[in-house]
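Just below is one structure, and these are the notes that go with it.
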Amino acid sequence: MKINLLEFYNLMDQDDIILSYKGDVSSELVSSVLQIIESKMDKLEEPSRIRKKVYNVLVETLQNLYHHIAENPSLSGKEEVSSVIFLIGKSDEAYLICTGNYMENDNVEELRHRIDKINNLEADELKDFYKEVLNNGIMSDKGGGGLGMIDIARKSGHKLEYNFKEVDQQHSFYSLLVKISE
Amino acid sequence: MENLKIDGTPKTPTIVFNLEEGKLLIRGRSIPENSIEFYKPLVDKLEEYTNSPQSSTEVKIQLEYFNTSSSKCILDVFKKLEKIKSNGSDTVIKWYYEEDDEDMLEAGEDYQAIINIPFKMVEMEE
């Protein structure tokens with residue numbers, strides 16, 4: 001093991017990371033992370049408005065990761081691309097939820113387009129877009145339907161920050177950062 | 001027709017559907033990974049109720065959280081209720097939200113804009 005734990009500790013401390021995880025995402029993991037963050041926010045006596053927003057965004061981002069792997073057979077089972085990473089942090093001004101996962105290069109443009117579209121909408125336009133997709137969108141087998149990202153943007157109130165990095169001919173690494181503040 | 005009762009869990013709400021009284025309650029958290037599977041018994045029961053509903057139907061939605069996967073299923077439930085209403089049952093949806101929870105109030109208003117059933121927004125004190 002080459003990792004320097006003290007360095008890692010200081011890195012997490014410096015960036016106000018409450019929780020970090022790398023690995024597979026199961027339904028049980030989602031439940032546990034929600035529980036940990038909920039009790040952390042309880043301890044910090046966060047106002048219920050913030051608590052609810054963080055909880056909601058966390059549910060959507062973690063379940064996006066959960067479904068993403070299940071719905072992409074080319075990723076599942078291959079450990080080098082099926083693992084995800086996420087960090088949950090709290091700075092003075094905002095809660096930060098960051099997720100990262102591998103995806104197929106072929107799907108990058110569509111996702112980039114979707115996030116850009118959401119980022120270009122104002123709050124009331126986002127509300128209309130949400131209703132439109134809710135009412136007309138096609139549901140996937142698991143019940144998703146493109147609503148997740150819109151909901152994340154609505155609850156966050158900030159623009160979504162993202163990055164795609166092509167790692168080889170087939171895969172890119174996708175990172176998403178969501179900020180939640182008063 | 002038998003009533004439907006599903007106990008709540010940390011990820012799924014309590015559901016009580018009393019068909020003789022025409023009363024449906026959904027309360028708690030609705031954040032399952034697979035919402036379609038969870039809501040199927042309720043959607044089936046509503047289908048059964050559609051053919052011979054009570055003269056009035058009262059629906060109470062008292063959710064603390066719901067994920068977007070549940071939001072589609074909740075819409076399906078409301079669409080079934082529209083059918084029940086057009087079959088002659090005087091139907092009302094009471095949408096509960098905690099004081100200060102603007103997001104939950106807005107979520108109720110989103111449904112209100114889509115669904116052709118009277119909504120009553122009920123604020124609960126914390």
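The analysis underlying the following values was restricted to heavy atoms, covering all of them including side chains, and did not include hydrogens, waters or symmetry mates. Every chain is numbered from 1 and lettered A, B, ... according to where its sequence line falls, protein lines coming before strand lines. Worth saying up front: this structure is predicted, and the values here are computed from it rather than measured.
Here the shortest heavy-atom pairing between A:Leu147 and B:Ser71 reads CD1-OG, 3.4 Å. A:Ser27 and B:Lys11 get closest at one heavy-atom pair: O-NZ, 2.8 Å.
The distance from atom OG1 of B:Thr68 to atom CZ of A:Arg154, rounded to the nearest 0.5 Å, is 11.5 Å. To the nearest 0.5 Å, atoms CZ (B:Phe66) and CG (A:Asp151) are separated by 7.5 Å. Considering CD of B:Glu33 and OG of A:Ser26, their distance stands at 8.5 Å, rounded to 0.5 Å.
At a threshold of 4.5 Å between side-chain heavy atoms, the hydrophobic network of Ile, Leu, Val, Met, Phe, Trp and Tyr places A:Ile37 and A:Ile50 in one connected group. Both B:Leu4 and B:Val77 are members of a single hydrophobic cluster when ILVMFWY side chains are connected at heavy-atom separations under 4.5 Å. With hydrophobic clusters built from ILVMFWY side chains whose heavy atoms lie under 4.5 angstrom apart, A:Leu177 does not share a cluster with A:Tyr21. Under the 4.5 Å side-chain heavy-atom criterion for ILVMFWY residues, a single connected hydrophobic cluster contains both A:Phe86 and A:Val54. Both A:Leu29 and A:Tyr66 belong to a single network of hydrophobic side chains, linked directly or stepwise wherever heavy atoms of I, L, V, M, F, W or Y lie under 4.5 Å apart.
For A:Asn135 and B:Lys72, the side-chain atoms include no donor-acceptor pair closer than 3.5 Å. Side chains of B:Asn67 and A:Gln63: a donor-acceptor N/O pair is present below 3.5 angstrom, by distance only.
By the neighbour-count criterion of 12 heavy atoms within 6.0 Å, atom NZ of B:Lys83 is sparsely surrounded, having that number or fewer from other residues, nucleotides or ligands. Shown here is A:Lys127, whose NZ atom has more than 12 heavy atoms of other residues, nucleotides or ligands within 6.0 Å. Counting heavy atoms of neighbouring residues, nucleotides and ligands inside a 6.0 Å radius, atom CD of B:Glu37 does not exceed 12 of them. For A:Lys40, the NZ atom is loosely surrounded, since the number of other residues' heavy atoms within 6.0 Å does not exceed 12.
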side-chain contact (heavy atoms from CB on, under 4.5 Å), that's the test. Do B:Ile31 and A:Tyr55 meet it? Break it down for me.
CA-CA 11 Å; B:Ile31 53 166; A:Tyr55 192 91; 3.5 Å; yes
Going through the distances and angles, do A:Ser48 and B:Glu98 end up as a side chain to side chain donor-acceptor pair (under 3.5 Å)? CA-CA 10 Å; A:Ser48 80; B:Glu98 276 176 33; 5.3 Å; no
(Q) Evaluate A:Glu38 against B:Arg29 for salt bridge (charged side-chain N to carboxylate O under 4.0 Å, His left out), listing each step before the verdict. (A) CA-CA 14 Å; A:Glu38 232 190 343; B:Arg29 296 182 176 191; 2.6 Å; yes
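Of all residues spanning residues 103-120 of chain B, those with a heavy atom less than 4.5 Å away from chain A's heavy atoms are B:Asp103, B:Glu106, B:Glu109, B:Asp110, B:Tyr111, B:Ala113, B:Ile114, arranged by number. Scanning residues 39-51 of chain B against chain A with a 4.5 Å non-hydrogen threshold yields no residues. At a heavy-atom cut-off of under 4.5 Å, chain B is reached by no residue from residues 162-173 of chain A.
In this structure, chain B has no heavy atom under 4.5 Å from any part of A:Leu62.
Between B:Glu64 and A:Lys52 there is no salt bridge, since none of the side-chain N atoms of the basic residue sits less than 4.0 Å from a carboxylate O of the acidic one.
Annotation: side chain to side chain contact (heavy atoms under 4.5 Å, CB included) contacts of B:Glu20 (sequence neighbours excluded): B:Asn3, B:Asn18.
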